[in-house]
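Encoded as structure tokens, the structure appears first; notes follow it.
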There are 2 protein chains.
Amino acid sequence: MIGPIETVLGQILSMNLKELASKLGLSPTTVSRALNGYPEVNESTRERVVAAAKRYNYSPNTRAIRLATGRAMAVGHVIPIATRHEIVNPVFADFIAGAGETYSRNGYDMLLSVVSDDDEEGAYRDLKSRGAIDGIIVHGPNQNDPRIPLLRDIGLPFVVHGRSTGTTLPYSWLDVNNRRAFQRATEFLLDLGHTRIALINGLEFMDFAIRRRTGYVDALAARKLAADPALMFSDEMTEVAGYQAARAMLALPHPPTAFLVSSMISGMGVRRAIESLNLHMGREVSVIIHDDELSYLRNGAEVPIFTATRSSVREAGRLTAEMLLDLIANPGEGPKERLLEADLIIGQSTGPAPRKN
Amino acid sequence: MIGPIETVLGQILSMNLKELASKLGLSPTTVSRALNGYPEVNESTRERVVAAAKRYNYSPNTRAIRLATGRAMAVGHVIPIATRHEIVNPVFADFIAGAGETYSRNGYDMLLSVVSDDDEEGAYRDLKSRGAIDGIIVHGPNQNDPRIPLLRDIGLPFVVHGRSTGTTLPYSWLDVNNRRAFQRATEFLLDLGHTRIALINGLEFMDFAIRRRTGYVDALAARKLAADPALMFSDEMTEVAGYQAARAMLALPHPPTAFLVSSMISGMGVRRAIESLNLHMGREVSVIIHDDELSYLRNGAEVPIFTATRSSVREAGRLTAEMLLDLIANPGEGPKERLLEADLIIGQSTGPAPRKN
DNA sequence: AATCAGTTTCAAACCGCTTTGGACAAGTCA
DNA sequence: TGACTTGTCCAAAGCGGTTTGAAACTGATT
């Protein structure tokens, strides 16, 4: 009889190594080696084994491999749920899609842990001591992030997506040059003649938000302009928050003529605020956003709607995952760092500053 | 010496069962039983064991448990990446956050597989035959979804988030009553005097989109109104698609006075189209959206911006995961079904139909 | 013919837990 | 008193692979 065994229920029982070996008249050792590409097995034997494995639909039991090798062949991602505001970062989906591609390609599984943020440390320790994963990716680092020394202490290989200002320990990270991106964007607005430029930022304990603000402030300072606290806003990056902040600023006696906005979603709120006052984006008010190239929130079809600093978070996921697998495979090597530059792409949301009247 | 052993590298080596047992002068059998709550162990012994386990920071090796018990203690989620349009469904993040809470609470891991959609079948077979998971959740079912018979055939417990019109096999699912939700929304618009109601739907090979259209068509038919094909649009649910569809419809000789929109994101595009024509949502044009209560896309702060059919996808994640764990624990029981009703919440985006002039 | 190296194969130990089938002591019943 | 429970514990056999150390065979060398 050929092919996998069918039970009464129609379920396919995959056979195990011992069965396959006896079917071939070989020892499990040889079969295992043949399938795993070890040199000490005759080529013709290997071919027989490989053919039989395919014919009988054999695939080795992951649980057994993991126990035998001591490796989990899995990478963890911890999603902290803020107990206060319960927000799932919308860039997660795309980052994870990118990372997942890398894992699939390399035979790794991706383990997601959803954890309330006051229990994150416990989650890391648990994943490590249970031996559930070989490494982990750290999301959304804050200033002086405690997770970095923690992971170093418990000896779990990790790569940070982003960086942590204030951390002096060396660690592996991949980040977008957020400071440079917002510096360039600010310069671009200044070149267009804007001087009242508002910053609608994310939460400024997050590292990326700190760096973006620095870029913005630096660019202003280079032109001898001081950042106006009334034009700097920091909050959760939601549509509503963007709308409210922009409304409030546009109602100031001396309103901004341009907005630098930390995300596409906040940007849509800013746009709504502008249009609700019968103003026009790219005419009376200019807007630049940061575009993570989220797959479900494209910045326009062919023509970009927003002028934007752009960097694909999906690609970041792919690359960060590659760095981690590399780190796992070569534990001896030191930390790796990688800085991606964002593109500045010009859309329809920016134009010359309106003349004073 | 008290506490876990520290190596030169400062890594914490967690001890294993055998070591703990010998430290206690007991057999591994007894220690295992004491920790797992079996009755055949003296209470005082159990206390000693539990205390020692805590003191030495013992946590059993997941890999070994899995091999020994034959259970993976893990649930799979397959994220298909459409090779054509490469879109990650934005509701994934929140659904998974909800499901993840359930898994954590029950000691299960969540395994995410990112797979190109032409290879999804292979991914399921692989997960099953490797023994990597005990069950799986099916996302985004289409009409006559082939995954349902497939999973039944390979004998992998599963619950579908959504349903599959045309599938006659019984299977477990959890769904929102999409038909009823859109029927009620349409009735609400009809009651406000609207007769030209447009439908901006998702891709209509997706089951939820089919059901929503049915609800919409039924409600119109109940008032002896025929659905106008010119007012029915189906595409990816992006902001840009919503904008373009609404722009086009509003330019018709006999434009709609109301829009029924399948998602918050498309709804933002529709709103932009309306405002770009100097019309006002809730005045000249009414809009109802479906609100999945995505954490990063709240429908307004206190006051909802959009009138909406509302159903929390995060809660759906929690409940679907519970159903699956139940199914895994009680394989004998038949398929379970659960239909959630969406709320109709009234926001500022709907109002009476404008008088004809 | 004996020795040796190289190739190919295998038996058995091992990974760290669970679980089966006793063993042993103490208490109960006839 | 002997037979039977009951309570408590343990040795050993698993789960399904990988990996070590040795055996068997081949052909070449002395």
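The chains referred to below are lettered A, B, ... by the order of the sequence lines, with proteins before strands, and numbering in each begins at 1. Keep in mind that the numbers below use all heavy atoms, side chains included, and drop hydrogens, waters and symmetry copies.
- Along DNA chain D, the stretch of nucleotides lying under 4.0 Å from any heavy atom of chain B spans, 5' to 3', D:dT8 to D:dG16.
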**OP:** Give the C-alpha distance, both sets of side-chain angles, the deciding distance and a yes or no for side-chain contact (heavy atoms from CB on, under 4.5 Å) between B:I328 and B:V75.
**Re:** CA-CA 10 Å; B:I328 292 169; B:V75 168; 4.3 Å; yes

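- Here the OG1-OH distance, from A:T29 to A:Y38, works out to 11.5 Å after rounding to the nearest 0.5 Å.
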**OP:** Go through the steps for A:R130 and B:D109 under the test side-chain contact (heavy atoms from CB on, under 4.5 Å), then give the verdict.
**Re:** CA-CA 12 Å; A:R130 279 166 48 214; B:D109 283 332; 2.7 Å; yes

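- As rounded to whole Å, 15 Å separates atom P of C:dC14 from atom CD of B:E19.
- Remark: C1' of C:dT7 and CZ of A:R46 are 13 Å apart, rounded to the nearest angstrom.
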**OP:** Could you walk me through whether B:L340 and B:L319 pass the side-chain contact (heavy atoms from CB on, under 4.5 Å) test, one step at a time?
**Re:** CA-CA 10 Å; B:L340 305 176; B:L319 295 173; 4.1 Å; yes

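- Annotation: ring pair (Phe, Tyr, Trp, His ring centres under 6.0 Å) contacts involving residues 93-137 of chain A, sequence neighbours excluded, comprise A:H77-A:Y103, A:F95-A:H139, A:F95-A:H161.
- Contact annotation: the side chain of A:L325 never approaches that of A:R105 to less than 4.5 Å [non-hydrogen atoms, C-beta and beyond].
- Side-chain contact check for A:Y58 versus A:L17: some heavy-atom pair is nearer than 4.5 Å.
- Of the residues listed (A:E322, A:R163, A:M323), the one engaging A:L174 in a side chain to side chain contact (heavy atoms under 4.5 Å, CB included) is A:M323, and it is the only one.
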Original post:
Nucleotide by nucleotide, 5' to 3', does protein get under 4.0 Å of the base (B), only the sugar-phosphate (S), or neither (-) in nucleotides 15-20 of chain C, counting heavy atoms?
Top reply: BBBBBB

